Number of protein chains: 2
Amino acid sequence: MNDDRWEAPRVLLAVDLVILTLRDSRLHVLLVQRGIEPFLGAWALPGGFLGHEQEDILAAARRELREEASLSAVPHLEQLGVYGEPGRDPRGRVITVAHLAIAPRLPEPTAGTDAAAAGWTPVDQILSGNVTLAFDHLRIVRDGVERARSKLESSALGTAFCTEVFTISELQQVYEAVWGTPLDPRNFYRKVQSIPGFLLEDGPPRRTGNGRPAKTYRSGPRHDLYPPMVRSADGPADRGAE
Amino acid sequence: MNDDRWEAPRVLLAVDLVILTLRDSRLHVLLVQRGIEPFLGAWALPGGFLGHEQEDILAAARRELREEASLSAVPHLEQLGVYGEPGRDPRGRVITVAHLAIAPRLPEPTAGTDAAAAGWTPVDQILSGNVTLAFDHLRIVRDGVERARSKLESSALGTAFCTEVFTISELQQVYEAVWGTPLDPRNFYRKVQSIPGFLLEDGPPRRTGNGRPAKTYRSGPRHDLYPPMVRSADGPADRGAE
DNA sequence: GCAATAGTGTCTGTCAGACAATATGCC
DNA sequence: GGCATATTGTCTGACAGACACTATTGC
């Protein structure tokens, strides 16, 4: 750190949330319509400033999660990164710590204190540029989705999109929605079964809607998957070069 | 964001650097011995407060890299994460943005303005707890090393440890040192060759020390490796569960 | 029976790991 | 030649992707 006699600048610290969920087999993110300046009326990620000087950052994120998504039991929450370009906020130097939250299908949110409206928006709508976001929130959403995609490969994060008890085909729908790729149900079935500690069989081995009832599972103790799930590697072409 | 009339708290913003390099085939990290309170005399990561209110975070990290490691050409620098538990610094609420820097063998550093001493320390000395670090810097080093290990798999980061022109066995030493695993030279040779865009052949196909001269290469245009390098998967046992 | 979904078995190409064999330098 | 390192070739087991087939439900 630096010299003590020199006065270091202070900055405003915010947290923002990329809350992802699945609705009718598509990946959605929670957005709020801003009710205050700046960017009044624009869509933005839910978030807010640190509540008080001693509040923990993760605790602030959880608080916003409760306040803006009325969600008590937090399934998964992790730090995504810091976004703090000077000039990103006209109110002064604001540094925001973005967080990624994964949740099973949540109820339709209601507008909060600073938001004129709130709602689930399909992620592809945002990534394709059809919805414009305030601040640098487009980039944050992009980073959050990419993080979710890659964490699906190496961790049991996919189960966080599901209810506590789920079937393998439900889990498959999660992977298909987040990765945006169709998967072979039979190979998927074999794959997830072969990863030790990923899934635990649940009591009554039946349930479901139309055909043969499926066994039910719950998330196993292993959070880091080994061997990992791998994306089909179909497009080795368009992967980032340079 | 929140209500405008309410006064949001301000925090001190710092950057810290995990600068990794290879010295005699072992992974080292740059540490400085603190010359000021708090933790006077303790070893810590190089870093410092934001220079002025409008300084970009990455620019601040680059500045510290220059100042504390006397390094002009920055080979690789990326954000590692935010560390900001309340109480981690007695001077007040300090949020630090940790960065990961990878460099080829650097000269022995000299003590900077706030540092009584500076030096390269073997990473395993730190991870095994033989060296005690100030603040939460042990955790930051741990996260930085883990990030470097996993990025070696999916990106061309390994070449950032090498000089501009290098041989394949030199690159192999990088992988072995960072991963802490011996690798078969023949399979390694085939593997890196088979990844398109990873390596470019350099002009004079000769050089080296004792046996047959090796072809020389430089880093190719591809930064994301596909297919990825994979760690031998030897220990599926001790991977993190629960 | 038929439709629909769940779950199993088998084949095949690819690839990582083991390791033999060859090439090219220095002494 | 002898040693050391670089580079190529071959074999083998594991595994992902394709896909035929069986099982169990509702109608």
Side-chain angles (χ1 to χ4, degrees), chain A residues 25 152-154 158 162 165-176 179-196 198-218 225-237, chain B residues 25 152-154 158 162 165-176 179-196 198-218 225-237:
Chain A
S25 300
L152 235 52
E153 298 191 29
S154 57
C162 300
V165 175
F166 52 87
T167 68
I168 288 189
S169 62
E170 283 166 3
L171 185 61
Q172 182 184 343
Q173 286 172 32
V174 170
Y175 275 83
E176 291 182 329
W179 282 350
T181 322
L183 300 171
D184 184 301
R186 300 157 293 187
N187 293 332
F188 185 84
Y189 196 94
R190 244 186 326 136
K191 180 62 184 173
V192 295
Q193 294 273 29
S194 73
I195 300 175
F198 187 12
L199 301 182
L200 296 178
E201 282 205 31
D202 194 57
R206 44 183 40 261
R207 198 182 127 216
T208 196
N210 206 333
R212 168 175 173 176
K215 293 183 194 160
T216 60
Y217 296 84
R218 52 183 70 234
L225 300 186
Y226 194 83
M229 307 282 301
V230 277
R231 271 182 274 185
S232 48
D234 38 43
Chain B
S25 299
L152 235 51
E153 299 191 29
S154 57
C162 300
V165 175
F166 52 88
T167 68
I168 289 189
S169 62
E170 283 165 4
L171 185 61
Q172 181 184 342
Q173 285 172 33
V174 170
Y175 275 83
E176 291 182 328
W179 282 350
T181 322
L183 300 171
D184 184 300
R186 300 159 292 189
N187 294 332
F188 185 83
Y189 195 94
R190 241 186 329 135
K191 179 63 185 173
V192 294
Q193 293 273 29
S194 72
I195 300 176
F198 187 12
L199 301 181
L200 295 178
E201 281 205 31
D202 194 56
R206 42 183 41 262
R207 198 181 129 215
T208 194
N210 206 334
R212 168 175 173 177
K215 292 181 194 161
T216 59
Y217 296 84
R218 52 183 70 234
L225 301 186
Y226 195 83
M229 307 282 302
V230 277
R231 273 183 273 185
S232 48
D234 39 43

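Worth saying up front: this structure is predicted, and the values here are computed from it rather than measured. A, B, ... follow the sequence lines: proteins, then strands. Residue 1 opens every chain. Note: hydrogens, waters and symmetry copies are ignored here, and every other heavy atom, side chains too, is used.
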### Query
What about Arg186(B), does its side chain sit under 3.5 Å from the base of dA16(C) through a donor-acceptor pair?
no
### Query
For Gln173(B) and dT5(D), what is the distance between atoms CD and P respectively, to the nearest whole Å?
11 Å
### Task
State which residues pass side-chain contact (heavy atoms from CB on, under 4.5 Å) with Gln173(A); sequence neighbours excluded, sorted by chain then number.
Ser25(A)
## Note on the structure
Between CZ of Phe188(A) and P of dC15(D) the distance, given in whole Å, is 18 Å
### Query
Roughly how far, to the nearest 0.5 Å, is NZ of Lys215(B) from OH of Tyr189(B)?
4.5 Å
### Side chain of Val230(B) - closest among dG9(C), dG7(C), dA16(C)
dA16(C)
### Query
When we call it a touch if two heavy atoms are under 4.0 Å apart, what does Ser194(B) touch: a base, just sugar-phosphate, or nothing?
nothing
### Message
Whether Lys191(A) contacts dA16(D) is assessed here as follows: a side-chain N or O lying under 4.0 Å from the phosphate OP1 or OP2. Is that the case?
### Response
yes
#### Entry: Phosphate contact (dA6(D) OP1 or OP2) by Ser169(B) side-chain N/O below 4.0 Å
yes
### Message
Between Glu170(B) and Thr167(B) (side chain of the first, backbone of the second, donor and acceptor by atom type, cut-off under 3.5 Å), is there such a pair?
### Response
yes
### Query
Hey, does the side-chain of Arg212(B) have a donor or acceptor N/O within less than 3.5 Å of a partner on the base of dA23(C)?
yes
### Task
Calculate the interatomic distance between Arg231(B) atom CZ and dA16(C) atom C1'; express it in whole Å.
16 Å
### Task
Assess the pair Phe188(B) and Tyr175(B): is the distance between their ring centroids shorter than 6.0 Å?
yes
### Query
What's the CG-C1' distance between Asp184(B) and dA21(C), to the nearest Å?
14 Å
### Query
Please give, in whole Å, the distance from dA16(D) P to Glu153(A) CD?
13 Å
### Query
Looking at residues at least two apart in the chain, or sitting in another chain, which of them share a side-chain contact (heavy atoms from CB on, under 4.5 Å) with Arg218(B)?
Glu164(B), Val165(B), Leu200(B), Asp202(B)
#### Entry: Closest listed nucleotide, where the reference is the side chain of Pro213(B) and the choices are dT7(D), dT8(C), dT24(C)
dT24(C)
### Query
Can you check the Gln193(A) CD to dC15(D) C1' distance for me, whole Å?
17 Å
### Task
Specify the separation, in whole Å, of atom OH of Tyr189(A) and atom C1' of dG9(C).
14 Å
### Summary
Arg190(A) atom CZ is separated from dG7(C) atom C1', nearest whole Å, by 11 Å
### Task
Just compare dG7(C), dC19(D), dG17(C) and give me whichever is closest to any side-chain atom of Asn187(B).
dG17(C)
